[in-house]
Amino acid sequence: MPLRKKLAITFMLVVTLIMGLYNFLNYYFSRDLLIKDQEKQMDLLAKQIGISIEQSQFGAQYVEDLIGNKLRVAAIAARNALNPDIANVTNEELARLSEELGISHITLMQEVGDDIVGVKSSDPKEINMSTKDWDYWFVAFKQLLTDKNTNVSQGLKLPNFWSGPVNISYTDPDHVDKWGYYFDGTTNYIINPYIRDTQILKFQQILGPQSILEKILNNNKSVLEITGFNPKTFGEPPVYSEANGQKYIDLVNRDIQFGQYEYKEPDDVSNVKKSFQSGKILSVVAESNGKKVLKSFIPISSANPYIIGIVTDYQMIQDILNEQFLNNTVISIIVLLFVLGISFLLANYIARPVNHILYKVNEIAEGNFGAKISINRSDELGLLSKRVNTMSMNLDAYTRELKDKNEEIEFRANYDFLTGLPNIRLFNERFQGTLESVKKDGTSIAVLFLDLDRFKWINDTFGHSSGDYLLKEVARRIADLSAEDEVGSRIGGDEFVLLLPGYTREMTEQKAEQILQLLSQPVLYEGQELSVTPSIGISMFPADGGDIDSLIKNADIAMYRAKEQGRNNYQFYALEMKNKFLRRAVLEKGMRKALERNEFRLHYQPQIDLQTGHIVGVEALIRWIHPEEGMISPIEFIPLAEETGLIAPIGEWILETACSQIMQWQGKGFPLMRVSVNLSARQIQQQNLVGYVGTVLERTGLDPKLLELEITESIAMYNEDYVINKLNSLKRLGLQIAIDDFGTGYSSLNYLNKFPIDTLKIDKSFINQITDASDHNEIITTIIAMARNLKLKVIAEGVETVEQLHYLQNQKCNEAQGYFFSKPLSVEDFELLFRQIASSAAGKVES
């Protein structure tokens, strides 16, 4: 569908939707407004009805008073006409007198015991009528007989006379009566003339609520029904009054006070109650008598509150809504026709330049980058045309740039981004090409696997930028050393692979020596010398593998053998290396779970004061009890832990376990003992080492003076300033620092004044060579004398004979440890043998 039609249809749909939504909302808002308006009108009407009824009640009361006066006149006339003794009056006489006086009946009432009874009457139903249950009526009768007057609040009170309010006849509930009661003391009875409902009903027909309602209903055709509800009794069980065996409902207890009640609904009772309790108008729309009506319930306040229910025909509201809806629909159609014309004009205004732009874009898509659009507009379409022109001019430049990018992408697909050496993908391709040539010639291929020693330490210490610079320099040196047909590749991190086609074993050895010599030379970076050495593993085709994966894997195994041999050397692959490599893999895998499985144990070797013979400290030494391999020597798994980085969590476990154990022994009453814990090179490099040591001391409660951390001279060789700062931070915690295996390094004496150390531990290789005439004796003597001058403590390791002990005592060596005193012991064995070791050590000192 063309854009012009789409835009026109879209505009039409939007406007139609808006108009439809407007009409829909307007319909419901109008309905609510009409209902509210109807409520207000009904409220005004109800108040008008209430005022009219109140006025009619005043008129009714006036008529009642007139009838009361008439009854008093009739009573006085009866007193003059009748014998003062009730015994001399007959019922026939009363009937005749009633007719003459123009009243309904006359009853003569007399006190009988505790009751006042109708004794004689023109109405046979009132003869023997009891009044003692008549509430205030009976009170009024008593007061008349006693005081000849009454003071009850109800009714008309005149001298010697009381007239009760209009009410249902007690003797004939089908009638409404007005009674008068006269007693002046001249008779022995109360004269009770009364008028039945003829005159009362006549007045109600003229001025009562029903006449008012009929007038309203006749003048307002939308009002279907008006009902006066008694909120106290409507919907409740009838409230009956009973007198002389007759049950009747008083006027005040009727549930419908006035009007008709034909439009009945089950909810009327609850709605009447709600309106009465809230004092507010309540309106509901309902279906009643097959008609939709609006029922309004309006509370009217008076001495006896009531609810006026007005039912109006909902059709009146519906007619207004229908008429309004029809008008809105006509207006909407007119608006839609107008919008339709405008939308086509607007769509054409938008679509014409869009089609022109589309035509030019198709030209550009076909390769005509010179095509331009000439639309001079200041709106978005003008801006779009300018952008398309700019795109057309730039596409050619982008195309040329893409060619350059493709070349870069191709380079990155085959070469290492950092070093520029071929990556493993290109290396494999070159190997396959070389392999075909070698197979034809019957020559061999050497594969060298290089790993840079201590590269991670340089990265962590000097930063990754220095590490990247070092990798690029190593790659450059490898490339300079490689012939045209030799391929060097960086396969990840600090690992490189060299492919040497046609190389024999002897040629490969020469090449490896050249690489060792070249890569061992320091690299200068930002004024800092960076020194690394390579460990090289070598595999030969076809002896060590027929494909590149096997050759690299076996060269990798040989490289690990080179690291085990002290690094900075090369090793050729041998079959037995594979078994060792597999064991290494098993140990590495098991070591990762050993901490979780609680397979590590600490043994403790006593350190003896050579002057007193007492145990003054212990060295914590780790043991690994493998569930399948049994006891694994630290010599085997500690170097592996160093390489894999697992030495960090293991070292933390050793430190915390050793400190906790010393505290447990203190709790058991053991003498205060120092504990020595070895720190590895990786632990020294940890940024959080000082904080962690402080946390362990705080958590275990160990006095820092009882903790001694041992480092080797090789750690000091990494970065002198870094190590000194780290050791000073540890010293500030209050612990002690010891140099382990002292004398085995090549720069030992240079660090004694620089490092914050407390103790020198003479390596056991010197102790083992103590004889009566040995050059090593002079070395030991010199070390002890030098330490004494520097105020350092000296501990001799590996003491195994009494001769060694005596020599060290004579040279004033401070402490010693070794199998002569005790081998490293488990916690249980140490506790069992502690006292025996302490006493035997003292005896040996004396001997």
Side-chain angles (χ1 to χ4, degrees), residues 449-460 491-495 532-539 552-603 619-658 677-686 689 710-715 717-718 740-741 744 824:
F449 194 105
L450 284 74
D451 183 89
L452 302 181
D453 305 326
R454 297 175 59 249
F455 177 76
K456 186 177 186 307
W457 184 87
I458 289 176
N459 234 4
D460 294 341
I491 63 173
D494 59 341
E495 297 176 338
V532 292
T533 55
S535 294
I536 305 174
I538 305 171
S539 61
I552 291 178
K553 178 181 177 182
N554 292 336
D556 188 16
I557 292 173
M559 182 273 295
Y560 277 107
R561 176 62 176 169
K563 285 187 176 293
E564 291 175 356
Q565 295 299 313
R567 297 183 172 83
N568 195 23
N569 69 92
Y570 63 88
Q571 295 290 327
F572 281 90
Y573 172 77
L575 186 59
E576 61 270 15
M577 289 182 184
K578 187 171 185 178
N579 295 330
K580 190 169 183 180
F581 181 80
L582 292 176
R583 176 168 174 77
R584 170 192 170 91
V586 169
L587 291 181
E588 181 177 344
K589 181 178 179 181
M591 190 162 48
R592 294 185 183 277
K593 297 182 178 180
L595 274 176
E596 298 176 9
R597 295 174 176 174
N598 199 27
E599 295 174 5
F600 289 121
R601 298 286 186 275
L602 282 188
H603 285 199
E619 182 177 2
L621 301 168
I622 191 170
R623 299 291 184 264
W624 181 11
I625 303 175
H626 195 280
E628 298 174 358
E629 303 290 333
M631 182 72 77
I632 299 176
S633 171
I635 297 175
E636 187 174 10
F637 74 81
I638 289 297
L640 182 58
E642 288 274 6
E643 291 179 23
T644 59
L646 292 173
I647 194 64
I650 292 175
E652 291 176 355
W653 177 84
I654 293 172
L655 179 64
E656 185 152 3
T657 303
V677 177
N678 289 282
L679 278 185
S680 69
R682 281 188 180 267
Q683 287 178 282
I684 287 290
Q685 296 167 25
Q686 286 182 283
L689 174 64
E710 297 185 8
I711 63 171
T712 61
E713 290 180 272
S714 58
I715 291 177
M717 297 293 294
Y718 284 126
D740 195 16
D741 301 333
T744 60

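- By the side chain to side chain contact (heavy atoms under 4.5 Å, CB included) test, Gln571 is found to be paired with Arg561, Ala562, Gln565, Asn569, Met577, residues two or more places apart in sequence or in another chain being considered.
- Other residues, nucleotides and ligands contribute more than 12 heavy atoms inside 6.0 Å of the NZ atom of Lys563.
- In this structure, the side chains of Leu640 and Met591 come closer than 4.5 Å at one or more pairs of heavy atoms.
- Rounding to the nearest 0.5 Å places CD1 of Ile684 at 5.0 Å from CG of Leu679.
- Under the 4.5 Å side-chain criterion, counting only non-hydrogen atoms from C-beta, Ile536 is not in contact with Phe449.
- Atom CD in Glu652 sits 11.0 Å away from atom OG1 in Thr657 (nearest 0.5 Å).
- Under the rule for a side-chain hydrogen bond (donor to acceptor under 3.5 Å, both in side chains), the partners of Arg592 that lie at least two apart in sequence or sit in another chain are Glu588.
- When side chains are defined from C-beta on, Phe600 does not count as touching Ile654, because their heavy atoms never get closer than 4.5 Å.
- Tyr570 is listed as a side-chain neighbour of Ile538, based on a closest heavy-atom distance under 4.5 Å.
- Annotation: the span from Asn459 atom CG to Arg454 atom CZ amounts to 12.5 Å, rounded to 0.5 Å.
- Listed by chain and number, the residues in a side chain to side chain contact (heavy atoms under 4.5 Å, CB included) with Asp494 are Asp451, Leu452, Phe455, Leu471 (sequence neighbours excluded).
- Side-chain contact between Ile638 and Ile647 is present, with heavy atoms from C-beta onward closer than 4.5 Å.
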Cut-off 3.5 Å, no hydrogens considered: what does the side-chain donor-acceptor table look like for residues 619-634, sequence neighbours left out?
{"from": "Glu619", "atom 1": "OE1", "to": "Lys761", "atom 2": "NZ", "distance (Å)": "3.2"}
{"from": "Glu619", "atom 1": "OE1", "to": "Gln817", "atom 2": "NE2", "distance (Å)": "2.7"}
{"from": "Glu619", "atom 1": "OE2", "to": "Asn678", "atom 2": "ND2", "distance (Å)": "3.2"}
{"from": "Trp624", "atom 1": "NE1", "to": "Glu599", "atom 2": "OE1", "distance (Å)": "2.9"}
{"from": "His626", "atom 1": "ND1", "to": "Glu628", "atom 2": "N", "distance (Å)": "3.0"}
{"from": "His626", "atom 1": "ND1", "to": "Glu629", "atom 2": "N", "distance (Å)": "3.1"}
{"from": "Glu629", "atom 1": "OE1", "to": "Arg583", "atom 2": "NH1", "distance (Å)": "3.1"}
{"from": "Ser633", "atom 1": "OG", "to": "Ile635", "atom 2": "N", "distance (Å)": "3.1"}

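- One N or O on the side chain of Arg601 and one on the backbone of Asn598 form a donor-acceptor pair closer than 3.5 Å.
- Interatomic distance, Leu689 CG to Arg682 CZ, rounded to the nearest 0.5 Å: 14.5 Å.
- The structure places CD of Gln683 at 8.0 Å from CG of Leu655, a figure rounded to the nearest 0.5 Å.
- Judged as a side-chain hydrogen bond (donor to acceptor under 3.5 Å, both in side chains), and not counting sequence neighbours, the contacts of Ser535 are Asp453.
- For the atom pair CH2 of Trp653 and CG of Leu595, the computed distance is 7.5 Å after rounding to the nearest 0.5 Å.
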